[in-house]
2 protein chains.
Amino acid sequence: MSDTPDPALPERRRGSGARMVYELLRDESLDMVLPPGAPIDEIQQAERLSISRTPIREALVRLAGEGLVTMLPNRSTVVSTIDFANLNAFFDALTLMYRVTTRAAAECHTSADMDRIRARQRVFAAAVAAGDAPRMIVCNRDFHVAIAEAGRNPYYTQLFTRLLDEGRRILRLYYYPSFEARLPHPYIVEHEAIIAAVEARDLALCDRLARDHADQIVRQIQGMIAQDRRQHIDL
Amino acid sequence: MSDTPDPALPERRRGSGARMVYELLRDESLDMVLPPGAPIDEIQQAERLSISRTPIREALVRLAGEGLVTMLPNRSTVVSTIDFANLNAFFDALTLMYRVTTRAAAECHTSADMDRIRARQRVFAAAVAAGDAPRMIVCNRDFHVAIAEAGRNPYYTQLFTRLLDEGRRILRLYYYPSFEARLPHPYIVEHEAIIAAVEARDLALCDRLARDHADQIVRQIQGMIAQDRRQHIDL
DNA sequence: TGCATTTTATTTGTCGACAAGATTTCGACG
DNA sequence: CGTCGAAATCTTGTCGACAAATAAAATGCA
């Protein structure tokens, strides 16, 4: 089996166990290390992380609350599958959250928020320059989360974060094969425009830019899915 | 203390324990039986429900994920306080969800959805006729949740449900004193109008009606809060 | 050989217990 | 009398174990 018992984790602080397991399983799910539909055995994970089943279970309950895993009663827990039937609903919600969080940021942002946003944009640009696709995905997420946090609406921020993470899974599924072909530089330009509009507190412009940005991302994902479909038909 | 050890619950099915505790603590939090800020002692709850601490803890983790309780590391778990500083954000998100769920329902609803929505509306009207304020709050929530479910966007539905439940807490806090003075019948008329607009698939009308409906509810809550403030100042 | 049924085995849901961390109580000292 | 510090108490976080429920394997039968 692929049990890789990490030997270097004897020192753990009390109370950090469940959180660490949560973050680990969360990242492994989002990064497709644990592919959708894969069963998560509690005992197996407990042995892998040299920890009891209790923190494992707590992490799984949390992940189930976020919809990342599905706990089947009295049966195994599995990584949630990507529901392609509800993909339109996903795009719809994602686009809406892009818009409202950017608008809210334009309304409420402080100079400290702008500093954080610009810092994220720099990191994103660096990832683009390095051609590091997975890092680009994460940094793009962080950039927009920073904008959402500047909007100071935790309801929007939480849903938006969840949607961006869900998108991270989808991109992981499709982005790799066609990465070299696409130039991600337009995203940098769009980000800069969004930053300027937020700072100028131009709500209408923010709404339009966010909508365009979202539509472009949605179209790109849809295109990748369609291309993937064609490839499968060709086989 | 007010420990009321329920004597009539010896028969429990395996796997239902955690869910039952979750639903119980959830309802008690939303109904203000557990007021905001109240600490939730795991051992105390375990004794009260004649159950181990493990399912209690699982329920608390789930509730913490929904923001209903706050788990302080190595300290007690408390019922989340109502954050009046973010009340504007709450109203903002609530209004938006009213709009988008009603619009989505207009787009996607089936005849079975309409039956369910009308059934909820009948129950709501019955609660209004009976003058049962807490039941009205719950039935109003169920009515709009049914509309949201007809929209078939689980992201919207989940956030909307959470917001409506949060509103249930706020209404529980303010609605009782001033209930007799207000006539809730306009809500019935507005609901009927929304039903008609959804069935006619008139997106623009749905959006307008939902916005008006939300604005009216928001204004009513704000009025109750303002009245409450005045009363406190008068003392 | 194929299908139904019993038996085994694995995995979860729950339990009681123990230790770390925090809070409170109590006592010493200025 | 008030303040600081130490002991006691309490609560949580984690652990190992057991039983119910399911899944898998083995057995019997047509």
Side-chain angles (χ1 to χ4, degrees), chain A residues 1-3 5-26 29 34 37-65 68-81, chain B residues 1-3 5-26 28-29 34 37-65 68-80:
Chain A
M1 294 294 289
S2 60
D3 287 356
D6 244 293
L9 37 89
E11 307 280 342
R12 277 187 291 97
R13 282 176 296 287
R14 174 188 173 83
S16 72
R19 192 188 323 277
M20 186 183 63
V21 176
Y22 163 76
E23 290 172 0
L24 180 69
L25 261 53
R26 180 174 170 281
S29 297
L34 296 172
I40 300 180
D41 188 287
E42 295 178 7
I43 299 175
Q44 202 170 331
Q45 297 297 325
E47 288 173 357
R48 175 165 78 105
L49 302 172
S50 307
I51 204 171
S52 165
R53 262 183 57 214
T54 307
I56 305 281
R57 185 150 245 273
E58 181 169 329
L60 290 178
V61 170
R62 278 222 269 167
L63 291 168
L68 255 143
V69 305
T70 306
M71 299 185 83
L72 305 160
N74 282 321
R75 264 194 296 280
S76 66
T77 300
V78 297
V79 180
S80 296
T81 56
Chain B
M1 291 297 289
S2 61
D3 284 359
D6 243 295
L9 38 88
E11 306 281 341
R12 277 186 292 96
R13 283 175 296 286
R14 174 189 172 84
S16 73
R19 190 188 325 277
M20 186 183 62
V21 176
Y22 163 76
E23 290 172 0
L24 180 69
L25 262 53
R26 181 174 168 279
E28 286 185 347
S29 298
L34 296 172
I40 299 179
D41 188 287
E42 294 178 7
I43 299 175
Q44 202 171 331
Q45 297 297 326
E47 288 173 356
R48 175 165 80 104
L49 302 173
S50 307
I51 205 173
S52 163
R53 264 183 57 214
T54 308
I56 304 282
R57 185 150 245 274
E58 180 170 329
L60 290 179
V61 170
R62 277 221 268 167
L63 291 169
L68 256 142
V69 305
T70 307
M71 299 186 84
L72 305 159
N74 281 322
R75 262 194 297 280
S76 66
T77 300
V78 297
V79 179
S80 296

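In what follows, chains carry the letters A, B, and so on, assigned in the order in which the sequence lines appear, proteins first and then strands, with residues in each chain numbered from 1.
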Closest listed nucleotide, where the reference is the side chain of A:E42 and the choices are D:dT12, C:dT12, D:dC15: C:dT12
Any chance you could measure A:E47, atom CD, to A:Q45, atom CD, to the nearest 0.5 Å? 10.0 Å
Give the nucleotide from the list C:dT12, D:dT14, D:dT12 with an atom nearest to the side chain of A:I43. C:dT12
Rounded to the nearest 0.5 angstrom, the CG-CD distance for A:L63 and A:E23 is 10.5 Å
Nucleotide of C:dG16, D:dT12, C:dT12 approaching B:R53 most closely (side-chain heavy atoms): D:dT12
Looking at D:dT12, D:dT14, D:dC18, which one has an atom nearest to any side-chain atom of A:P55? D:dT14
According to a strict under-4.0 Å criterion, is A:T54 in side-chain N/O contact with OP1 or OP2 of D:dT14? no
Looking at the side chain of A:R14, which of D:dT12, C:dC15, D:dC15 is the nearest nucleotide? D:dT12
Name the closest nucleotide to the A:A18 side chain, picking from D:dT14, D:dA21, C:dG21. D:dT14
Is there a donor-acceptor contact under 3.5 Å from the side chain of B:T77 to the main chain of B:M71? no
More 5' along DNA chain D: A:P73 or A:S16, using each one's nearest nucleotide? A:S16
Residues in salt bridge (charged side-chain N to carboxylate O under 4.0 Å, His left out) contact with A:E58, at least two apart in sequence or another chain: B:R57
Which listed nucleotide (C:dA22, D:dT14, C:dT12) is nearest to the side chain of B:N74? C:dA22
Side-chain contact check for B:R75: nearest option of D:dT12, C:dT11, C:dT23 is C:dT23
